[in-house]
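Some notes on the structure that comes next.
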Amino acid sequence: MTDLPILGAALNLNSFETLRDLMLEKPRDLELQDFVDATVLNGDWASVVERAKTVLDGHEGRLGIHGPFWGFTVNTMDPDVREIVKRRLAQGLDVCEALGATHMVVHSPFSTWDYNNLDNYDGGRDRMVELCHLSMADAVKRAEDIGCELVIENIEDKDPHDRVKLADSFNSKAVAVSIDTGHAHYAHGSTGAPPVDYYVKAAGNRLRHIHLQDADGYADRHWTLGEGTIPWPSVFAALGKLDSQPRLIIELRDHSGLPASIANMKAMGLGQ
């Protein structure tokens, strides 16, 4: 990267309105987080989309959403629950189509238990992939049709390669890899996973999306960038070697920390 990468943000519409000047000063990528809740997806989500079209007038970056995730995993073994998972993914993609969104975040199914136990069962890894396909196949086809990418985000993943293999198994341009830096740092500090830059290297050019948040390696903090212990130079050095142009999305618990996050990365010569 010859120029500092432009940093985007994950915001709800109310926060976007508050931070509008900052979000419009450059073509910052945006991830709307108003659609993760089932009550929204089961309700009048179309009115939220219409509001978004008004509120986001003038926004020039790429637009996506965080997909639904509460209460389920995409590798569920229960066929009844699987139907709910398929419905939630379809609802999220309905929103994407209505918004013109080009990515939707989907949570990884891999856990620390899986790291220690998948190879304890004959065919355990193949079964994991099979279950994910049963839940996601329809969504992948729909994403292909509407020009949207399903980006699979690490949650408890200890081995950064597992999620990449899962994404590859769909053999689709509509499935790619996401990294959450705080989740990776938690896994590194609390479960013995490799450091965050290793997650970037493992994903390589399959990486199309990254949640940037700072943390302490103990919990999912979503702190302002620069307030935790993530070694940002190594992360951005790894990102700088990619050609896949991942969306660089700052995802904070307190959205008011967005200006400071951008300022801290700029002061470090890493982002703007």
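All values derive from a computational prediction rather than experimental measurement.
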Identify every side-chain donor-acceptor pair in residues 186-196 under 3.5 Å, counting partners at least two apart or on other chains, and give the distances.
residue, atom, partner, partner atom, Å
H188, ND1, A193, O, 2.7
S190, OG, G217, O, 2.8
T191, OG1, A187, O, 2.7

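- Side-chain contact check for N75 and T73: at least one donor-acceptor pair (N or O, by modelled atom type) lies under 3.5 Å.
- Within the 4.5 Å cutoff, no side-chain heavy atoms of I250 are placed close to those of E31.
- With D29 as the fixed residue, the side-chain hydrogen bond (donor to acceptor under 3.5 Å, both in side chains) test singles out one of H209, R62, R247: R62.
- Y218 forms part of no hydrophobic cluster, judged by ILVMFWY side-chain heavy-atom separations under 4.5 Å.
- Residue-environment remark: CG (D44) exceeds the threshold of 12 foreign heavy atoms within 6.0 Å.
- With a 6.0 Å radius and a threshold of 12 heavy atoms from other residues, nucleotides or ligands, Y115 has its OH atom at or below the threshold.
- Between R127 and E130, at least one side-chain nitrogen of the basic residue sits less than 4.0 Å from a carboxylate oxygen of the acidic one, meeting the salt-bridge criterion.
- By the criterion of side-chain heavy atoms lying less than 4.5 angstrom apart, applied directly or through intervening Ile, Leu, Val, Met, Phe, Trp or Tyr residues, L134 is not grouped with I152; the two fall into different hydrophobic clusters.
- Within 6.0 Å of the CG atom in D122, the count of heavy atoms belonging to other residues, nucleotides or ligands does not exceed 12.
- Donor-acceptor pairing under 3.5 Å is recorded for the side chains of S15 and N12.
- Atom CG of residue L32 and atom CG of residue L56 lie 5.5 Å apart, to the nearest 0.5 angstrom.
- Annotation: Q245, atom CD; neighbour count of heavy atoms from other residues, nucleotides and ligands within 6.0 Å does not exceed 12.
- Here the options are E25, K26, K266, the test is side-chain hydrogen bond (donor to acceptor under 3.5 Å, both in side chains), and the partner is Q272; only K26 passes.
- Taking CG of L7 as the reference point, atom OG of S261 lies at 9.0 Å (rounded to 0.5 Å).
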>> Evaluate R221 against D214 for salt bridge (Lys or Arg N to Asp or Glu O under 4.0 Å), listing each step before the verdict.
In response: CA-CA 7 Å; R221 301 295 194 177; D214 219 333; over 6 Å; no
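- Two different hydrophobic clusters hold W223 and L11 under the rule that ILVMFWY side chains link at heavy-atom gaps under 4.5 Å.
- In this structure, the ring of H66 has its center no less than 6.0 angstrom from the ring center of F35.
- If you take CD1 on I249 and CD on Q213, they are separated by 13.5 Å, rounding to the nearest 0.5 Å.
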>> Does V105 form a side-chain contact (heavy atoms from CB on, under 4.5 Å) with H211? I'd like the steps, not just the answer.
In response: CA-CA 10 Å; V105 176; H211 278 153; 4.3 Å; yes
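- With a 6.0 Å radius and a threshold of 12 heavy atoms from other residues, nucleotides or ligands, W70 has its CH2 atom at or below the threshold.
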